[in-house]
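Sequence positions, counted from 1, serve as the residue numbers for this chain.
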Amino acid sequence: MDSEHQPLASSSATELYTEGSHTTDPAFSHESLDVTGKASSNATPWYIPPKRYIIALMVFLGFANLYSLRVNLSVAIVAMTSNKSVVINGTLHTISGPYFHWSNYLRGQILASFFYGYIVTQIPGGYLSNRYGGKHFFGIGIFITALLTLTTPLLATWSPNLLIACRVLEGLCEGVTYPAIHALWSKWAPPAERTKLATFGFSGSYIGTVLALVISGSLAESTAEWQSIFYIFGSLAVIWFLLWVIVVTENPASHPGITTAELDYIQNSIGFTEEQTKRAHPPWLQMIKSAPVWAIATAHFVENWGFYTWLTELPTFMTHVLKFHMKEGGFLSALPYLVMGIVVFMGGYFADVLRSSFNISTVAVRKIFTCGAFLIQAVFMIAAGYLMSRAAAVVCLTVAVGVGGFAWAGFSVNHLDIAPQYASILMGLSNTFATLPGIISPGLTSVVVTDQDSSGEWQIVFYLAACIYGIGAFIYGILASGETQSWAQLPASYHSYVDDPEAE
């Protein structure tokens with residue numbers, strides 16, 4: 001077999017993890033590692049982080065920017081279409097009318113328009129990231145979205161149709177980001193740390209959501225105009241992109257600062273090379289026919305139904321039904337996502353602990369976290385709809401949305417379990433279906449909730465979400481897998497396969 005295409009021998013990975021091995025990882029610097037990647041001796045200074053952790057931090061900040069660019073309109077549109085009011089001596093005084101007189105239907109279309117573009121580039125983004133690398137697609141996707149965000153106030157002033165077109169373009173750009181990041185992790189994340197690293201990056205989405213909701217709510221009620229919401233978040237994302245270009249590399253081997261120890265640890269534990277990832281031909285038909293793939297897609301759809309419903313509608317619900325002021329509503333709307341961001345990272349850490357320290361199978365861990373989260377979410381969603389009071393709604397929604405973070409330690413990393421070298425493509429496939437709630441939910445909510453002050457109409461939205469969570473738990477519990485699928489195995493005569501695809 002030609003050395004250029006030679007897969008890393010499994011014996012090398014085994015030797016790396018044997019008790020007497022002295023191959024080291026910069027996370028522990030000069031320590032020997034066991035099968036989990038844990039260190040056994042000779043601790044090193046904490047201020048020398050391994051490069052994969054720096055990558056994880058940049059991914060975290062990238063997702064924070066990604067979601068702040070996506071979410072800010074949910075709060076801004078309330079300020080754009082509501083009376084401008086101030087509180088004087090405890091009394092609310094209206095000082096001007098709304099900036100835009102948009103109907104509920106048009107508001108729903110504007111909020112949903114992002115997802116019309118977002119759904120289109122998921123699978124192409126996964127394929128291209130798998131073939132050409134995830135770094136550039138992730139970074140450029142966020143950068144162009146930031147530039148479009150900076151133009152949003154001007155376009156909204158000209159025409160709501162131009163605003164819709166802008167949001168569609170933002171969706172097209174952001175659509176490649178989730179698949180792209182799995183392409184990056186397929187080269188950077190050792191299996192023993194896969195869940196922890198991936199979910200830490202994903203948790204940035206929810207921290208970005210929190211920042212967007214809180215800061216946007218404060219800006220909307222301050223002396224600053226609603227336009228400042230878009231200028232601030234767009235500028236922050238541009239700054240992040242410049243850092244991303246400098247700090248991040250496509251794979252460990254091309255990182256100028258990585259140590260030999262960390263490079264050996266990552267490459268040997270992953271067990272396949274970037275060349276194999278690029279040159280292998282995706283088994284499209286087998287993917288589509290695979291039950292575990294559809295388990296992931298279903299779970300992704302279900303989690304995003306509740307997430308996108310409240311991402312776009314929670315500020316409105318807080319303002320109109322619970323009668324919070326916009327600043328209060330912005331903070332309380334952010335609270336569930338703050339909890340979710342913490343839970344996502346904790347879930348990833350505990351999932352890896354259960355797999356490595358307690359020898360619980362990967363499929364069992366994925367099902368426990370995903371199905372358990374869905375069932376708890378369903379219960380609290382029903383409770384929120386039934387009680388419908390200020391305190392109960394805030395508590396129940398915070399738990400219902402926040403607990404969803406545990407599901408991300410299940411299905412969101414499952415692509416890397418069942419087909420690591422095709423994980424970006426599978427993420428694109430599952431996220432295509434997971435984008436449908438973003439398109440359907442705002443429009444459906446605008447049809448169901450004809451009177452935004454009606455708690456009875458909002459109850460329907462709560463109960464529908466609870467039913468979807470229950471169905472998702474059932475399907476994922478039956479169909480999910482944690483093993484590499486047969487169609488994802490690299491063929492034994494791989495060199496002939498990549499050099500001559502017609503050989504088989």
Separation between OG1 of Thr209 and CG of Leu66, rounded to the nearest 0.5 Å:
9.5 Å
Check Trp185, Trp188, Tyr265 against Glu193 for a side chain to side chain donor-acceptor pair (under 3.5 Å) and give me the one that passes.
Tyr265
Is it the case that the side chains of Tyr178 and Thr435 hold a donor-acceptor pair, with the cut-off being a distance below 3.5 Å and no angle test?
no
Does any non-hydrogen side-chain atom of Phe114 lie less than 4.5 Å from one of Tyr308?
no
Answer yes if the side chains of Glu174 and Tyr67 hold a donor-acceptor pair under 3.5 Å, and no otherwise.
no
Those residues that, when tested against Glu303, pass salt bridge (Lys or Arg N to Asp or Glu O under 4.0 Å) (two or more places apart)
none
So, Thr152 side chain and Thr149 main chain: donor-acceptor pair closer than 3.5 Å or not?
yes
So, the side chain of Glu262 versus the backbone of Lys51: is there a donor-acceptor pair under 3.5 Å, distance only?
yes
Step by step, would you call Ile207 with Phe60 a side chain to side chain contact (heavy atoms under 4.5 Å, CB included)?
CA-CA 9 Å; Ile207 302 304; Phe60 171 91; 3.7 Å; yes
Side-chain heavy-atom pair Val448, Leu464 within 4.5 angstrom cut-off
no
For a ring-ring contact (aromatic ring centres under 6.0 Å, His included) with Phe143, tell me which candidate from Trp244, Phe138, Phe241, Trp240 qualifies.
Phe241
Do we see a donor-acceptor contact under 3.5 Å between the side chains of Thr195 and Asp352?
yes
Please determine if Arg70 forms a cation-pi arrangement with Tyr118, meaning its NZ or CZ atom is less than 6.0 Å from the six-membered ring centre and no more than 45° off the ring axis.
yes
Do you know which of Phe307, Phe345, Phe63 makes ring-ring contact (aromatic ring centres under 6.0 Å, His included) with Tyr206?
Phe307
Test item: Gln122 side-chain N/O and Gly175 main-chain N/O as donor-acceptor pair under 3.5 Å:
yes
Steps toward ring pair (Phe, Tyr, Trp, His ring centres under 6.0 Å) verdict (Trp408, His300):
CA-CA 9 Å; Trp408 280 84; His300 207 160; 5.6 Å; yes
Find the distance between CZ (Phe100) and OG1 (Thr157) and round it off to the nearest 0.5 Å.
4.5 Å
Pairing donors with acceptors under 3.5 angstrom, does anything connect the side chains of Ser269 and Arg194?
no
